[in-house]
> 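Dumping the structure here so I can ask a few things about it.
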Amino acid sequence: MTFTSHMDRALAQARAAAERGEVPVGAVVVSPSGAVVAEAGNRTRECNDPTAHAEILAIRAACAALGVERLPDHDLYVTLEPCPMCAAAISFARIRRLYYGAQDPKSGGVAHGARVYAHPQCHHRPEVYDGLSEDRCAALLRDFFEGKR
């Protein structure tokens, strides 16, 4: 089987989030066959909802589209290392593989900070692949925040 990255679609969602004034993070859920099931960008400001992170919205949309509560054998592509809340949701959804771009030393929950998957209480640990399109993902975030200063 040939690996196909879906990070370009996640980046498109992140750019759309930035255009809405949201922190530019995008996420894509991919089925075992490689089909995109759902995609989303951050909408915390638009929805007045602190849980409306791209990962949460994409997981919710995928579960709704498939009529299931969990997504075993599905992969998630996200432009930024998930925060602890999103890392836990990814675990609860039983996502098979997590691919993310930019590191988040300040608020990350996978390789930094809480390191959710390292805790013995974590019932499911996805395979994690970091640094996918990292330069483009980090540049998008950096440019967005520089524009705010």
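What's counted below: heavy atoms across the whole structure, side chains too, no hydrogens, waters or symmetry copies. Model, not experiment: these values are computed from the prediction.
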> In terms of hydrophobic clustering (I, L, V, M, F, W, Y; side-chain heavy atoms under 4.5 Å; direct or indirect links), are Leu66 and Phe92 co-clustered?
no
> Do the non-hydrogen side-chain atoms of Arg136 and Asp8 ever get within less than 4.5 Å of each other?
yes
> What about Val37 and Val78, same hydrophobic cluster or not, with Ile/Leu/Val/Met/Phe/Trp/Tyr joined at side-chain heavy-atom distances under 4.5 Å?
yes
> Test your reading of the model: is there a side-chain donor-acceptor pair from Arg43 to the backbone of Ala52, 3.5 Å cut-off?
no
> State the CZ-CG distance between Arg94 and Asp73, to the nearest 0.5 angstrom.
12.5 Å
> Has Glu39 got a side-chain atom pairing as donor or acceptor with Gly26's backbone, closer than 3.5 angstrom?
no
> Is His53 reaching over with its side chain to a backbone N or O of Pro82, donor-acceptor style, under 3.5 angstrom?
no
> Determine whether the aromatic ring centres of Phe3 and Tyr99 lie less than 6.0 Å apart.
yes
> Measure from the side-chain N and O atoms of Glu81 to the backbone N and O of Tyr100, and report whether any donor-acceptor pair falls under 3.5 Å.
no
> Taking the side chain as every heavy atom from C-beta outward, state whether Arg20 and Asn42 have any atom pair closer than 4.5 Å.
no
> If you define the side chain from C-beta out and look only at heavy atoms, does anything of Leu11 sit under 4.5 Å from Cys137?
yes
> Going only through I, L, V, M, F, W and Y residues with side-chain contacts under 4.5 Å, is there a path from Val28 to Leu140?
yes
> What class does the angle between the rings of Tyr77 and His6 fall in, given that below 30° is parallel, 30 to 60° is tilted and above 60° is perpendicular?
perpendicular
> Can you find a pair of side-chain heavy atoms, one from Leu76 and one from Glu55, that are under 4.5 Å apart?
yes
> If you compare all heavy atoms of Arg9 against all heavy atoms of Val36, which two are closest, and at what distance to 0.1 Å?
NH1-CG2, 3.6 Å
> Once salt bridge (charged side-chain N to carboxylate O under 4.0 Å, His left out) is applied, do any residues pair with Glu146, and if so which ones, sequence neighbours excluded?
none
> Using the rule given for side chain to side chain contact (heavy atoms under 4.5 Å, CB included), can you reason through His112 versus Asp104, listing the C-alpha separation, both sets of side-chain angles and the distance that settles it, and then say yes or no?
CA-CA 7 Å; His112 299 89; Asp104 190 354; 5.6 Å; no
> Against Gln103, only a single residue in Val110, Leu80, Asp130 fulfils side chain to side chain contact (heavy atoms under 4.5 Å, CB included); can you say which?
Asp130
> Quick one: does any side-chain atom of His123 pair with a main-chain N or O of Ser91 as donor and acceptor, under 3.5 Å?
no
> Would you say that Ser31 contacts His74 through its side chain, given a criterion of any heavy-atom pair below 4.5 Å between the two side chains?
yes
